[in-house]
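A short worksheet on the structure shown next.
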Amino acid sequence: MIIYIGDTRIDARRLLIRFIINALALVVADALVPGIRIEGWQAYTVMAIVLGMVNAVAKPVLELLTCPLIILTLGLFLLVLNAAMLGLAAWIAGALGADVHVDGFGAAFVGAIIISIVSWLLSIALA
């Protein structure tokens with residue numbers, strides 16, 4: 001199903017699949033990382049939406065601003081950016097009333113790696 005917002009074309013099916021993949025990756029990260037706690041399906045829903053929005057809006061800007069550092073570290077700084085995006089998304093989701101907690105940078109770092117791997121695997125399986 002294609003939705004048009006102004007001149008922008010949005011594939012609703014693809015957007016829904018990305019949302020489900022994000023939510024499932026968050027479930028895995030919650031189960032595997034002691035410092036990540038997400039309580040209830042409402043919190044997973046809010047966190048999946050917020051994480052998708054943060055990755056769509058803030059991450060490209062930060063990638064552009066830190067491009068020299070990304071090149072210098074041969075892309076490893078992207079792991080730090082992913083952890084920062086997870087922390088930012090958890091903070092925003094918490095501010096919206098969702099019961100989401102990420103305890104520090106270490107938990108965000110490991111959680112971001114797990115979310116990236118699970119998202120990648122699910123994208124391959126569902127695409």
Side-chain angles (χ1 to χ4, degrees):
M1 178 177 175
I2 305 296
I3 300 170
Y4 288 95
I5 299 176
D7 291 336
T8 305
R9 178 182 165 177
I10 298 173
D11 184 354
R13 180 181 167 269
R14 188 172 153 193
L15 189 64
L16 179 63
I17 290 172
R18 290 297 322 155
F19 166 75
I20 292 169
I21 288 172
N22 269 346
L24 292 174
L26 286 167
V27 169
V28 173
D30 181 31
L32 295 179
V33 182
I36 295 178
R37 292 181 313 281
I38 305 171
E39 302 294 331
W41 67 270
Q42 298 94 343
Y44 282 109
T45 302
V46 170
M47 185 63 181
I49 292 169
V50 171
L51 185 59
M53 296 300 289
V54 164
N55 282 335
V57 176
K59 189 175 178 186
V61 173
L62 290 174
E63 284 177 345
L64 182 65
L65 292 174
T66 61
C67 189
L69 193 54
I70 292 170
I71 293 170
L72 184 66
T73 62
L74 302 175
L76 291 177
F77 191 72
L78 288 171
L79 297 173
V80 174
L81 279 181
N82 285 343
M85 296 303 99
L86 180 60
L88 177 62
W91 178 76
I92 292 171
L96 292 173
D99 194 7
V100 178
H101 303 282
V102 176
D103 297 334
F105 179 76
F109 189 79
V110 174
I113 290 172
I114 290 172
I115 289 169
S116 296
I117 291 169
V118 171
S119 294
W120 174 66
L121 291 172
L122 289 174
S123 294
I124 290 172
L126 296 176

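Quick caveat, the model's predicted, so the values are computed rather than measured.
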Linking I/L/V/M/F/W/Y whenever their side-chain heavy atoms sit closer than 4.5 Å, directly or via other members, would L78 and L76 fall into one cluster? yes
Among L24, L32, L26, which residue meets the side-chain contact (heavy atoms from CB on, under 4.5 Å) test with V28? L32
Heavy-atom closest pair, residues I38 and A43: CG2-CB, 3.7 Å
Please assess I113 against L79 for the test side-chain contact (heavy atoms from CB on, under 4.5 Å), listing each intermediate value before the final yes or no. CA-CA 7 Å; I113 290 172; L79 297 173; 4.1 Å; yes
Between F19 and T45, is any pair of side-chain heavy atoms under 4.5 Å apart? yes
4.5 Å side-chain heavy-atom contact, I70 and L81: yes
Kindly compute the distance separating CG (N22) from CD1 (I17), expressed to the nearest 0.5 Å. 12.5 Å
Would you mind reporting whether M47 and L86 have side-chain heavy atoms less than 4.5 Å apart? yes
L88 and A58: which non-hydrogen atoms are nearest, and at how many Å? CD2-CB, 4.4 Å
On a heavy-atom basis, which atom in A56 and which in P60 lie closest, and how many Å separate them? O-CG, 3.6 Å
Nearest heavy-atom pair of A93 and V100: which atoms, and what distance? CB-CG2, 4.2 Å
I need the N55 CG to S119 OG distance, nearest 0.5 Å. 9.0 Å
Gap separating the CD atom of E63 from the CG atom of N82, nearest 0.5 angstrom: 8.0 Å
Are V57 and L96 connected, step by step, through hydrophobic side chains (Ile, Leu, Val, Met, Phe, Trp, Tyr) whose heavy atoms are closer than 4.5 Å? no
What distance separates T66 OG1 from L62 CG, expressed to the nearest 0.5 Å? 6.5 Å
Nearest 0.5 Å please: distance from the CD atom of E39 over to the CG atom of D30. 7.0 Å
Which pair of heavy atoms, one from A83 and one from A108, lies closest together, and at what distance? O-CB, 3.6 Å
If you take all heavy atoms of G111 and I36, which pair is closest and at what distance? CA-CD1, 3.6 Å
Check D103 with R37, please: is the shortest side-chain N to carboxylate O separation under 4.0 Å? yes
Gap between atom OH of Y44 and atom CD1 of I49 - 0.5 Å precision: 15.0 Å
